[in-house]
Amino acid sequence: MTETACRLYLVTPPVLEPAAFAPKLTEALDAGDVACVQLRLKDCSDDAVRRACDALRPIAQERGVAFILNDHPELARETGCDGVHVGQQDTPYAQARRIVGNDAIVGVTCHDSRHLAMEAGEAGADYVAFGAFFPTTTKDAAFKAEPELLRWWSELMEVPCVAIGGITQENCGPLVSAGADFLAVVGAVWNHPDGPGAAVKAFNAAIAAAEG
Ligand SMILES: Cc1ncc(COP(=O)(O)OP(=O)(O)O)c(N)n1
Ligand SMILES: Cc1nc(C(=O)O)sc1CCOP(=O)(O)O
Ligand SMILES: [Mg+2]
């Protein structure tokens with residue numbers, strides 16, 4: 001499997017039934033190169049998050065793909081996830097780091113803000129996430145980021161950057177060229193008309209083409 005410099009970071013749909021979603025995740029991960037899967041369940045109980053982690057985490061980890069939990073550092077540690085993603089309204093970075101430990105991945109949402117990203121990077125975040133780059137129907141995204149932010153960050157900083165928000169196989173090229181280390185995607189993978197495997201293959205090809 002060819003590994004590009006910029007890699008795919010899959011984020012799950014916000015509502016899912018683990019047994020039904022497991023084969024879709026398997027199809028996506030077996031189709032091509034994926035660096036990371038984020039379990040992002042909104043508005044559900046801790047037990048539902050635990051059940052989804054137990055069903056989906058092994059599918060990723062058995063394939064060498066990092067499994068990251070959104071929003072819940074305690075549950076991430078308890079369920080054996082590789083890390084946690086926290087936003088500006090979530091558990092603060094330093095607290096999340098204390099909970100999951102130094103060996104785990106902690107990523108931080110930084111919207112369109114150089115300041116937030118520098119703070120997170122200096123504090124020790126493993127990656128900073130910028131977005132939304134394009135209109136998205138997956139969530140109400142209050143911030144709009146431009147590819148220039150990725151260029152600025154990647155030229156100055158070592159900490160990897162993730163681009164998120166409305167990213168598709170067709171529009172991702174400028175984000176890759178601007179220096180995104182990861183493309184985080186929901187809809188363009190799970191809602192792809194030919195299935196998640198075809199979606200991953202198309203992303204891998206689009207990224208490779210943009211890297212030239
Ligand atoms: C990779 C990545 N980037 C950004 C987000 C958004 O996090 P947040 O702002 O906390 O919003 P929610 O996802 O929790 O609704 C993310 N989850 N992943
Ligand atoms: C979870 C999330 N966070 C965003 C941000 O801008 O921080 S945009 C977003 C949704 C991404 O889904 P899709 O790939 O379907 O647009
Ligand atoms: Mg959050």
Side-chain angles (χ1 to χ4, degrees), residues 6-16 21 24 28 34-44 46 48-49 52-53 60 65-76 81-93 95-97 99-100 104-114 116-117 119-121 125-147 149-150 153 159-172 175-176 180-193 196 199-200 202-203 206-207:
C6 176
R7 299 183 66 198
L8 257 187
Y9 177 139
L10 302 187
V11 180
T12 68
V15 178
L16 59 80
F21 186 70
K24 297 181 190 174
V34 174
C36 180
V37 172
Q38 180 191 121
L39 178 64
R40 176 177 179 270
L41 297 179
K42 301 306 273 189
D43 304 322
C44 73
D46 285 3
V49 174
C53 281
V65 175
F67 192 80
I68 294 189
L69 182 61
N70 190 42
D71 288 346
H72 298 288
E74 297 276 6
L75 290 178
C81 292
D82 295 296
V84 67
H85 181 93
V86 288
Q88 296 298 323
Q89 311 303 321
D90 301 324
T91 308
Y93 166 78
Q95 195 181 337
R97 172 62 72 196
I99 293 167
V100 296
I105 298 165
V106 182
V108 179
T109 298
C110 298
H111 303 306
D112 60 344
S113 168
R114 289 164 164 76
L116 290 177
E119 265 185 0
D126 293 288
Y127 67 80
V128 297
F130 296 117
F133 283 91
F134 301 102
T136 172
T137 54
T138 302
K139 94 170 215 178
D140 280 336
F143 298 86
K144 169 93 184 81
E146 299 296 333
L149 180 56
L150 299 170
W153 179 264
V159 176
C161 61
V162 176
I164 191 166
I167 300 172
T168 66
Q169 295 84 353
E170 289 74 32
N171 67 19
C172 70
L175 307 181
V176 177
D181 295 288
F182 299 94
L183 301 181
V185 180
V186 184
V189 168
W190 308 115
N191 302 332
H192 193 284
V200 166
F203 262 118
I207 292 170

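Counting from 1, the numbers follow the sequence of the chain as shown. FYI, side chains are in, hydrogens and waters are out, and symmetry mates aren't considered; it's all heavy atoms of this structure. Numbering of ligands and ligand atoms starts at 1, following listing order.
When heavy-atom distances to ligand 1 are checked against a 4.0 Å cut-off, Gln89 has no atom that comes that close, whether in backbone or side chain.
Closest to atom 13 (O) of ligand 1 among all protein heavy atoms lies Arg40 NE, 2.7 Å. Of the protein's heavy atoms, Thr109 OG1, 2.8 Å lies nearest to atom 7 (O) of ligand 1. Taking atom 3 (N) of ligand 1 as the reference point, the nearest protein heavy-atom neighbour is Ala129 CB, 3.3 Å. Ranking the protein heavy atoms by distance from atom 2 (C) of ligand 1 puts His85 CE1, 3.3 Å first.
Look at Lys42 and you'll find a heavy atom under 4.0 Å from some atom of ligand 1. Using 4.0 Å as the threshold, Val11 has no heavy atom nearer than that to any atom of ligand 1.
When every heavy atom of Ala28 is checked against every heavy atom of Val34, the shortest pair comes out as O-CG2, 4.3 Å. Between Leu149 and Ala145, the shortest heavy-atom distance links the atoms CD2-CB, 4.3 Å.
Taking only nitrogen or oxygen atoms, main chain and side chain alike, Lys139 reaches within less than 3.5 Å of ligand 1. On a distance-only criterion, Gln88 and ligand 1 share no N/O pair closer than 3.5 Å.
Those atoms of ligand 1 with a heavy atom of Gln38 less than 4.0 angstrom away are 1 (C), 2 (C), 16 (C), 17 (N), 18 (N). Here is the list of ligand 1 atoms found below 4.0 Å of a heavy atom in Asp90: 10 (O).
Within the 4.5 Å cutoff, no side-chain heavy atoms of Ile164 are placed close to those of Phe182. The side-chain heavy atoms of Gln88 and Phe143, taken from C-beta on, include no pair separated by under 4.5 Å. Under the 4.5 Å side-chain criterion, counting only non-hydrogen atoms from C-beta, Asp112 is not in contact with Lys144. Proximity of Phe21 to Leu39: side-chain heavy atoms (C-beta onward) are nowhere separated by under 4.5 Å.
Note: Trp153 and Phe130 have perpendicular aromatic rings, judged against thresholds of 30 and 60 degrees for the angle between ring planes.
Looking at residues two or more places apart in sequence or on another chain, you find a side chain to side chain contact (heavy atoms under 4.5 Å, CB included) between Ala188 and Thr168, Gln169, Val185, Phe203.
At distances below 3.5 Å, at least one donor-acceptor pair connects side-chain atoms of Thr12 with backbone N or O atoms of Arg40.
As for Asp90, its N/O/S atom nearest the Mg ion (ligand 3) is the one called OD2. For Asp71, the N, O or S atom closest to the Mg ion (ligand 3) goes by the atom name OD1.
Residue pairs meeting the salt bridge (Lys or Arg N to Asp or Glu O under 4.0 Å) criterion with at least one partner in residues 126-140, sequence neighbours excluded, are Arg97-Asp126.
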Return a table of N or O atom pairs, ligand 2 on one side and protein on the other, at distances under 3.5 Å, rounded to 0.1 Å.
| from | atom 1 | to | atom 2 | distance (Å) |
| --- | --- | --- | --- | --- |
| ligand 2 | 6 (O) | Ala132 | N | 3.2 |
| ligand 2 | 12 (O) | Thr138 | OG1 | 3.4 |
| ligand 2 | 14 (O) | Val186 | N | 2.9 |
| ligand 2 | 15 (O) | Thr138 | OG1 | 2.4 |
| ligand 2 | 15 (O) | Gly187 | N | 2.8 |
| ligand 2 | 16 (O) | Thr136 | OG1 | 2.6 |
| ligand 2 | 16 (O) | Gly166 | N | 2.7 |

Check step by step if side chain to side chain contact (heavy atoms under 4.5 Å, CB included) holds for Tyr127 and Asp181. CA-CA 9 Å; Tyr127 67 80; Asp181 295 288; over 6 Å; no
Counting only pairs under 3.5 Å, give me each side-chain donor-acceptor contact of residues 67-75, with atom names and distances, residues two or more places apart or in other chains.
| from | atom 1 | to | atom 2 | distance (Å) |
| --- | --- | --- | --- | --- |
| Asp71 | OD2 | Lys42 | NZ | 2.5 |
| Glu74 | OE1 | Arg77 | NH2 | 3.1 |

